[in-house]
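Per chain, numbering begins at 1; letters A, B, ... match sequence-line order.
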Protein chains: 2
Amino acid sequence: MSERQRGPRERMVFSAAQLIRRDGVNATGMREVAAHAGAPRGSLQHYFPGGKEQLVGEAVAWAGRYAGARIGRFVEGLSGPTPGALFAAMAAQWTEEYERDGFVTGCPVAAATVDRAASDEVTRAAVAAAFTAWRTPLAEALTAMGVPADRSADLATLMISTLEGAILMARAEQNVRPLTAVVRELGPLLDAAVTRPA
Amino acid sequence: MSERQRGPRERMVFSAAQLIRRDGVNATGMREVAAHAGAPRGSLQHYFPGGKEQLVGEAVAWAGRYAGARIGRFVEGLSGPTPGALFAAMAAQWTEEYERDGFVTGCPVAAATVDRAASDEVTRAAVAAAFTAWRTPLAEALTAMGVPADRSADLATLMISTLEGAILMARAEQNVRPLTAVVRELGPLLDAAVTRPA
DNA sequence: GGCCGACTATGACAGTGGTCATAGTAGCGA
DNA sequence: TCGCTACTATGACCACTGTCATAGTCGGCC
């Protein structure tokens with residue numbers, strides 16, 4: 001989650017995503033984002049003339065691209081590339097973060113959905129796009145692993161749904177148990193969907 | 001979701017849950033809750049001297065009890081009581097609501113988790129308790145259906161996680177597809193966990 | 001009646017939110 | 001040096017938040 005932070009604009013988008021991850025959209029102030037990014041307050045209206053809606057939208061889009069790009073790196077890192085192993089790797093990213101830093105943050109896309117889906121159509125569309133940016137490469141990876149093409153999309157949805165829910169429960173319980181439980185139960189089931197070994 | 005609404009106090013807790021479901025915790029004002037419940041503003045400090053923290057906590061607890069109690073009614077309504085059928089019934093509650101009323105609301109427990117887990121320890125504990133109040137009867141129902149006792153808790157966690165995530169994605173996409181997809185994929189897998197037919 | 005508790009009704013307060021307006025500065029090409 | 005653009009820096013605005021304080025009303029009980 002730590003990238004090269006070039007311009008102040010990128011830093012602000014990144015900071016917005018981090019703060020939204022922790023406190024939600026509504027509790028994240030624009031001034032707070034600027035301060036967190038070490039950027040001047042005046043830059044907000046300069047880089048984001050569309051206001052908070054624009055900033056949140058870009059933060060969500062960034063998170064979606066990040067999650068999608070991460071899929072490829074997970075697949076590369078697997079010794080035996082199976083759907084269950086991929087799912088375990090996706091979940092492990094969270095268990096490791098939680099065990100290292102505590103249960104402070106969640107998924108920014110989920111936070112934006114909860115806080116904005118009913119009130120802000122622009123952000124809602126951005127969230128939908130973020131999920132698509134995540135699901136599409138995941139489904140492609142499943143197909144490459146031998147999952148029938150007509151099931152890849154559904155299984156990708158299942159994996160993301162389960163992971164999002166497990167993140168939520170882990171934060172609530174302050175325990176990685178939900179994450180390990182879903183990996184233990186869902187992993188083998190995902191592997192059983194492979195009909196043509198890769 | 002429509003109960004007999006007796007006193008103004010219960011109405012306010014119920015209204016709080018409804019508004020949190022739609023807009024999140026931070027975007028739901030105390031005045032708004034009172035107005036939605038048709039209760040006088042002054043009753044807020046009278047019934048909830050602990051302030052918003054108390055009101056949110058009670059709304060979350062109510063939602064947890066509701067979800068837990070609902071499990072029993074789902075099981076009763078099933079012609080063939082299998083884990084997959086139970087999961088389908090749980091998801092159907094949401095698809096029906098979304099198709100009837102639009103994708104306006106989500107799960108209040110999830111909303112409270114996103115908005116308060118990092119900032120308010122009291123509410124975070126209430127959310128954890130709500131998930132437990134949901135998971136426990138679900139796990140018992142699975143055991144009664146023939147799922148091995150040592151897997152019931154994990155499978156209950158898997159079902160709730162997946163459902164929560166699918167709700168999230170359905171709201172984001174404004175489409176029930178994620179809900180139908182996870183039911184289609186996860187249902188048969190859940191049924192396969194039954195070793196001793198009920 | 002008189003009293004007291006439960007509840008209702010407002011008004012005010014301090015704090016914060018996003019946003020706008022305006023002014024200042026730094027760098028650079030001509 | 002001029003002028004232009006990109007960016008920074010503040011201050012102010014209004015709306016709204018949760019909370020508190022105070023006063024009013026209602027109903028039943030001695």
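If you measure from atom NE2 of B:H46 to atom P of C:dG5, you get 12 Å, rounded to the nearest angstrom. Here the C1' atom of nucleotide C:dC7 and the CZ atom of B:R11 are 13 Å apart, to the nearest Å.
Taking a 4.5 Å side-chain heavy-atom cut-off between Ile, Leu, Val, Met, Phe, Trp and Tyr, the cluster of B:V114 extends to A:V114, A:L168, B:L168.
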Treating primed atoms plus P, OP1 and OP2 as sugar-phosphate and everything else as base, which nucleotides of nucleotides 14-20 of chain C get B, S or - for protein heavy atoms under 4.0 Å? ----BBB
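In this structure, a donor-acceptor pair under 3.5 Å is absent between the side chains of B:E97 and B:Q93. A donor-acceptor pair shorter than 3.5 Å cannot be found between the side chains of B:S161 and A:T162.
Below 30°, between 30° and 60°, or above 60°: for B:W134 and B:F131 the angle between ring planes is below 30°, a parallel geometry. Between A:W94 and A:Y98, the two ring planes are tilted [angle within 30° to 60°].
A salt bridge is absent between B:E76 and B:R73: the closest approach of a Lys/Arg side-chain nitrogen to an acidic carboxylate oxygen does not fall below 4.0 angstrom. Taking a cutoff of 4.0 Å between a charged side-chain nitrogen and a carboxylate oxygen, B:R171 and A:E164 do not qualify as a salt bridge.
Taking a heavy-atom distance under 4.0 Å as the criterion, the stretch of DNA chain D touched by chain A extends 5' to 3' from D:dA6 to D:dA12.
A distance of 4.5 Å separates CG of B:L86 from CE of B:M159, quoted to the nearest 0.5 Å.
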